[in-house]
Structures are given as structure tokens and as C-alpha cells.
Amino acid sequence: MTLYVVKRLVAIIITLFMIITLTFFLMHSIPGGPFTGDKNVPEAVAKALSEKYHLDDPLWKQYFDYLKSVAQFDLGPSFKYEGMTVNELIKAGLPVSAKVGLLSVALILIVGIPIGIFAALNQNKWPDTLVMLLATLGVTIPSFVIGTLLLYVFSLKLGWTPAYGVEQWQGYILPVLALSGFSLSFVSRLTRSSMIEVFQQDYMRTARGKGLRPSKIIIKHGLRNGLIPVVTIVGPLIAAMLTGSFVIEKIFALPGIGRHFVQSITNRDYTTIMGITIFYAVILVVIVFIVDLIYGLIDPRIKLNK
Amino acid sequence: MNKSRGFVLFFVLLLAFLVVGCSAADSGKEGKKDVDKVPDAKDTPGSSDSQKIVYVLNNEADKLDPGLTAETYAAPILSNAFEGLVQMDENYEPQEGVAKSWDVSKDGLVYTFNIREDAKWSDGTPLNANDFLYSWTRVMTAATASDYSFMMYPYIKNGEKFYNGEVDVDQLGVKVVNDTTLEVTLESPVPYMMQMFAFSSYFPVQKSAVDKDPDAWHRNPETFISNGPFKVKELKFGESYTLVKNENYWGKDDVKLEEIKFSIVPELATGLTAMESNNVDGINGVPTAEIARLKANDDRFIVLPALGTTYFLLNNKVKPLDDEKVRKALALAINRKEIVENVTQGGQEPAFALIPGGMILEGQDFREAGGTYGLTETGDIEEAKKLLAEAGYPDGQGFPKLTLKYYSNDTAKKVTEALQQMWKKNLNIDLELKSAEWKVYRKEVEVHDYDIGNMGWGGDYAHPMTFFDVFASNSPNNMTNWTSEEYDKHLELAKRELDPSKSIEAMHNAEDILMNEMRILPIYHSTNVMMMAEHVKGWKRSILGNIYFRDAYVEGRGE
């Protein structure tokens, strides 16, 4: 186990290093820099700006300087937002992105799993058909369409929720609904199919034959195995909810990280592009790692050491 | 570890998410407690005579340091939190600001400002001539890396030398005579210099505030000291900026609004939803797709002329664009009326020349005096065909397949496509469309890697020179692959000439060269489209796009 953890940690560091290197050089290969604005400035001014942000250094020097500061957890100053460091930018945006993301994860699991079980129990009857129809819709409609629709109905027509921002707690309702739509549908479909498969297993028939209560059969015997596929996707799901809110954050004007990520590329805000990429990469690899560990604990068929 | 323990672990995890999720939401609520004193967007329509408004902006400004930023996104905050030596009225005539009076020497080189004795910073400390000296030398110091330093150093005597580190501050054309007298000497006369003194780069900043944190003083309400009608109360990055009335402002009796909250909503459609749900009092822009509907049904929808021109760049060295007849044929074959009415739809004016209307010089609108250079709203297709045939391409035959480039932007795309169709239909010439993301596009056009390309210019100040300078030979923004000594000469004369009418004449001569030779293809003059609730009165938005709430007030809310 310890050996496995050490191996994985080394792999994580190598992965991150490669992500940093690739992103750094790809980013610098895009034409235009952080100070290519709508209008060109005189050469002397462009020179002063480059000097201030060390953009006049050779690229390899910029790269090693950056690696050095990242190793000290310093993601550098934003090139776009003067007086903000990328660390500050992430710190300011993370609470909002995390709240929306985690609330979505909670909603997905708490609502999605029971719906899936319910559909599986009513397999091929009308409640199943109805739930799966809704789930199919949820998977196919993109989140920005859901978001815009929700805004139209609940903010414009009914006036129940604010149109933007999270200064009031009600502001979280629509973004969370819009963000979780896809995964909620996905989780309920996954739970359904996995439960249906489990219901057909021999040990389930045995359990029924023993005369156990149906609720006990479902919870103790059915769910325990039926949820293993769901656990597998919880990791990527959390990562997706934390990092996948670019569009939602823009539509609902949430001051989160996702919005800065897309904007930073347009702005060629080099340090912000790098900083947020690294931040997202860390979240992803760490969550995948944790899920792998948990997976090994839940399913005894998986031996981590091998 | 057996199965059931793993199962329990899973549910513990699930529960943990729930708890984290909920407590996060709760803490969000707690965290907002202190903010609740700031009335919410939701509450404003209720309180009928509250002098508080919420106004939506669509972009986060790069910085709120007036000496450093060149972004229009910062302007709404800067224009209301700061004030220069003078302020400009609707007609771009200077009015008193920090200076209560001024003199200009006969040769137009020396400006002497009498600063009011009761001028104060928002923290109550006195503001005097030394503050201007400090603020301006800061802008003109290369190490400060001000994005707009070139709005100052070319004008001030020895400014450029100072920027390049060749002279000391005592040789700079800015002298503090005494606390209330500032003497500014120019390199050469500048007809629009009074406007520059009202421009944001010339706003004073407080030395002691800046010294506390030179890069980030403007990110913290504690160190954000200003001198205008409003001061900063709260700055929430990516979310909102809140200004409140500045009780230390000399003209505080004129200021009626207690609070302005600028909310940042990047999606125009969301801002519009907020406006239509009465969550906010005004929005700085609306989605193009909604303009027609709003124009018809909503009294709060406003179209204001803006100081900008959208034109198509021609690569004047590429064959056959090096032929004046071809350039004219292209210009004449455009139906500009159709473009502004059916494509852009934002109340834009068809453009027949570079300089937009709205700039009054010596009592006359420069555009009106300048004429239309043979162009009309709907174009002249017969004449265009004739010219193209004379150039050797009858009915478009043999015309090479040039590229027509634009940058990835919805309006730019639609306008460019419309032009491609018009030229095909009217002149039977085929152009190949190409697009690129803005910064990539910009670089390509700069190195003349284009034939015809979508471009535009927004004025930095309300004087034709802000447009003419673009096409000067030494301009970093002239991407036409064309330069003209004669054009440059007219510009030099216009800048140097003390007699206003001669200066204006020189500018008309310059425009004549550019437009008679059709070096660019003007398409339309811009507008600003916005919405403001009818209960917000007395606000102003200049043709440069700046919004001023100094004299604004709320009356009849909820009626």
C-alpha cells in the first residue's frame, strides 16, 4: 500500500511537470501577447511594459523562473489584473466555484441515485420510462441552454431568484441546477442500469428465496454492488463540477475561477493561464488518486499493490 | 477491509459533501451579513426615494489606477471617483474642476491653473499643485509602465526625454509655482489640450496612498483615496464596485446620489434579464439580437452616438488594391444603409469618411463640414461597375481572389459576410473569407498579411486628431501599407497652427487625401446602446462612452 502511494505521488509530480511545460510553451506559441491591445502603443511604452513583467527575458529563462516560483507555490502576478497575484485570484474565486460545485455534487448524488433505484425497481413500467425520458433530455440539453431557460422562467417571469450574482443565497439555486443537469441525468441512468444488472444476480435471487424484506434486499445486497460503478465516476464528477463551470459562471455572473480561465486565454494573461491550469490539474490528479484508493477499499477484488 | 465497511465509507463521503455543501452555502450567507447594509439589487426598486442605484458593467477592468489604465472598462469608476483640473461639459467645453480658473498663454504653450484652496482628497487631507506634479511624473516615468503614458509625455515639454530618462524632473514642463498654482508648458501647441487635462490619465492620485502599495493600492478601499464626487466603499473583484458620495468633494452640494453599485455581469443577455426583472437600474450594453425588440417596446432603451468608426483596411500595396479605381469601386458598391439597418441594428450611422460626427470645432461639426466624398447611404453600383471596368475588370472578370479577413466577433463576422455578398452581387467579385481570434488577427494585419480586413478605431479624446494620427506614417496603428508625406504635413500643420480655422482646414486637407484616394473603406460610425431606468435622472454619457453620475438623482422610483 505504502509503495503504491509513493509510486502514485511520483507519477503525479511527473504529470504536473509535463502539464506545466506543455502549457507554458504552447501558450507562448500563440500569436499576440498580454499587451497586444486594441490599439498599438509606442515602442518605448511596449518596452517598459515588457520589462516590468520580464517578458523581455529569453523564453527559457522565463520558463525556469516560473518553475522556481511554482515550486514555492507562488503562481506570480496576473499580467492583466494589476495588483492581483494569481494566488489571490484563485483564492477569491475558489469559494464561489467550490460552493456551486459541491452543492451540485451533493444534489447529483442525493437525487440521482434514488431516482436510478426507483427506475430500476419499476423497470419498463411507466415511471421508469418517464424518468429515463427526463434523464435523456438532461444529458442532451447543454448547460447554457438550461441556464438561459432557468433564468427566463425563475428570474424574469416569476421573479423568484436574482438574475445574477451570489450576494444572496438564492443566487446559488439556478447555477447549481444548471450545472448538475447533465451529471444528475447521467448518474441516475448509471444507477438504474447497474441496479438492474445486480437484481438479476444469483445472490439476489438467493436473498429473495431466503424471504428477506425487499427493502433489506435492495439496500444491503443490491446497492452495495450496484453503486460500485457510481463510486468510480464520483471522482471525475467532483473534478468536473469544480472545474467545469466556465459557462455557468459566465451566464450567472458568478465571480468564480472558471470565468477567469477562459478570459485569461483571450487576454494572454500568461501567469493566470498557467496558474489556473496547474490548479485544475492538481485537483484532477489528486481526486483521481483518492478515488483509486477508495475504490481499492470498497472492492476487495482490486489489489492496489499489483 | 470488507465490503460493508467500504459501503459505509462511501456514504460517509456522500454525507461529507452534503455538509460541506450546505455549510459552504451558509457561510456564504453569513459572509454577506455586513454586505447586507448595502442595499441589494433586489431591494432598490422598493425604496422609492432612496438615492442608491445599481448599474451593470460587462467587464472587469484591468486596474482602477487612473494613471496606469488605458481600458474603457475602468472609465465608469474612474470618471465618478476622480476629477481632473477641469471637467468637460456636453459640448466639450472645459468647466471648473480641481482648478477654479486657468490662463493660456498667447502662443498656446503655457497653461496656468489656479487650484481651489478647498480642494481635498476623499480622506479629508488637502490636495494641491504638488499632487499633480507627483501624479503626472508618475505617469511619465517608464518604470511605472503606464499603458497610457503616451497620452501625456508627447504633449508636455521635455516629456518624451523624461520618459526616456534623458532629463530630470526640473526640466519637465510641469512647475509648482505655489500650492494653488500649477504651470504646465507644452512641447508645441495642442488644440485639444484642455480635454487632455480632463482626461483620466491626468487625474491626481495621492502619493501616500500609492506608496502604501504601489501595485495594489487601487484594489483596497482603505488605500483607494480619490478626489471626485464619489469615493470607493467596497471593491469585490469580479463581482462589484461600490462608490458612495464623497463628503470632501468641493461640489458635494451638487451630488445627490448616495451610492452607486457597479455590478459586473459578463453576459449581456443576463444583464438584460436583470434589467427587465427590475433587479438593476441601468445596464451598460445590450445584446445585438435584442435591439430591435427593445427599440420597439422599451422606453428605457437608449442609443447614444459614440466616437468610433468601423472601416475596412485595404492593403494598398496588393494588386489590384493599389489602383485607386478599384478601391473606389469597392467603396461605392457597399450599401451602408442595409448594413446598419439589417446587420448591426444598433442605430449606427453610415460612414462616408474617417471622422465621425459629434465633434464641434469653432461652432461647426467637423463631419458636416467635411462632406461625404461621393459616397451615399445605398451606394452607387453603376458607377462602381464602371470604375471596375476601367481598371480592367469588366463585370469582375479576372479579378484575383483576395482574402477578406475579420476577427472572431459576432458583429464583425456578420458585417464582413454582408460585404462579401454585396461585392459578389454588385461587382461579381469573389473574396475568400478568413477569420482569426482578435490578438492573432491583429498580429497578422500588422505585418500586412491580409488583403482587406475589418478594423475600427474608437477616439481617445473628442478631437479629430485622435483619428487622424492613426494613419500617420510613424503610427504603430497604421496598417494600410500606405503612407503619405503630404498627409503627415497637414497633420503637423494642424497641430502646430494657432489659428483654429487654419488648423481645422489642415485637418480637412488630411481627410481629403485619405478619402479621395479611398485608402480605407469607411462603413459606419458607432453608437453606445444601453438601458437606464426612467427614475434615474441627470446622468450623462459622453460620446467617448464615459458615464457621469455627478449630477444624477433618483426621482419617482416605482411609479
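Hydrogens, waters and symmetry mates play no part in the numbers below; they use all other heavy atoms, side chains included. Sequence lines set the chain letters: A, B, ... in the order given, protein chains first and strands last, and positions in each chain run from 1.
Looking only at heavy-atom pairs under 4.5 Å with chain B, the residue among A:Gly165, A:Gly32, A:Pro31 that has the most is A:Pro31. Ranking A:Arg268, A:Glu51, A:His260 against chain B, the residue ahead of the rest is A:Arg268, based on heavy-atom pairs under 4.5 Å. Taking chain A as the reference chain and counting heavy-atom pairs below 4.5 Å, the highest number among B:Pro266, B:Pro214, B:Ala70, B:Ala216 is found for B:Pro266. The greatest number of non-hydrogen atom pairs below 4.5 Å with chain A, out of B:Lys443, B:Arg442, B:Lys63, is found for B:Arg442. Between chain A and the options B:Asp460, B:Asp213, B:Asn474, B:Val470, heavy-atom pairs under 4.5 Å are most frequent for B:Asp460. Most heavy-atom pairs under 4.5 Å with chain A, from the set B:Tyr148, B:Phe150, B:Tyr153: that is B:Phe150.
Using a 4.5 Å cut-off between heavy atoms, A:Thr148 makes no contact with chain B at all. B:Glu276 touches chain A through backbone and side chain together, each having a heavy atom under 4.5 Å away. The contact between B:Tyr163 and chain A is made entirely by side chain atoms (from C-beta outward), counting heavy-atom distances below 4.5 Å. Interface remark: A:Glu82 contributes backbone and side-chain atoms alike to the contact with chain B (heavy atom separation under 4.5 Å). When heavy atoms are compared at a cutoff of 4.5 Å, B:Ser149 approaches chain A solely by way of its side chain, counted from C-beta outward. Proximity to chain A (any heavy atom under 4.5 Å) is restricted, for B:Trp457, to the side chain, taken from C-beta onward. Interface residue B:Asp147: backbone and side-chain heavy atoms are both found under 4.5 Å from chain A. The contact between B:Leu68 and chain A is made entirely by side chain atoms (from C-beta outward), counting heavy-atom distances below 4.5 Å. The contact between B:Ser240 and chain A is made entirely by side chain atoms (from C-beta outward), counting heavy-atom distances below 4.5 Å. With a 4.5 Å cut-off on non-hydrogen atoms, B:Glu444 does not touch chain A at all.
Looking at heavy atoms from C-beta onward, A:Ile30 lies in side-chain contact with B:Val440 at the 4.5 angstrom threshold. At a threshold of 4.5 Å between non-hydrogen side-chain atoms, the residues B:Ile264 and A:Arg259 count as touching. The closest side-chain heavy-atom distance from A:Glu167 to B:Glu239 is below 4.5 Å. You'll find the side chain of A:Glu249 stays beyond 4.5 Å of the side chain of B:Glu267, heavy atoms only. Using a 4.5 Å heavy-atom cutoff, the side chains of A:Leu89 and B:Phe237 are in contact. Between B:Thr270 and A:Lys250 the shortest side-chain heavy-atom distance does not fall below 4.5 Å.
Nearest heavy atoms, B:Ala145 versus A:Ala48: CB-O, 4.0 Å. Residues B:Thr144 and A:Lys52 approach most closely at O-NZ, 3.7 Å, considering heavy atoms. Nearest heavy atoms, A:Ser155 versus B:Ser277: O-OG, 3.4 Å.
The OG1 atom of B:Thr273 sits 10.5 Å away from atom NZ of A:Lys157, with the distance rounded to the nearest 0.5 Å. The distance from atom CG of B:Asp62 to atom CZ of A:Phe35, rounded to the nearest 0.5 Å, is 9.5 Å.
Within a 6.0 Å radius of CD in A:Gln201, more than 12 heavy atoms belonging to other residues, nucleotides or ligands are found. At most 12 heavy atoms of other shown residues, nucleotides or ligands fall within 6.0 angstrom of atom OH in A:Tyr152. No more than 12 heavy atoms of other residues, nucleotides or ligands shown are found within 6.0 angstrom of CD on A:Glu43.
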Would you check, one step at a time, whether the test side chain to side chain contact (heavy atoms under 4.5 Å, CB included) holds for A:Tyr81 with B:Glu60?
CA-CA 9 Å; A:Tyr81 302 111; B:Glu60 174 80 43; 3.4 Å; yes
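Proximity of a side-chain donor or acceptor of B:Asn279 to a complementary backbone N or O of A:Ala163 within less than 3.5 Å is detected. Under a 3.5 Å cut-off, the side chain of B:Lys439 and the backbone N or O of A:Gly33 do form a donor-acceptor pair.
Between the side chains of A:Tyr164 and B:Ser263, at least one donor N or O lies within less than 3.5 Å of an accepting N or O.
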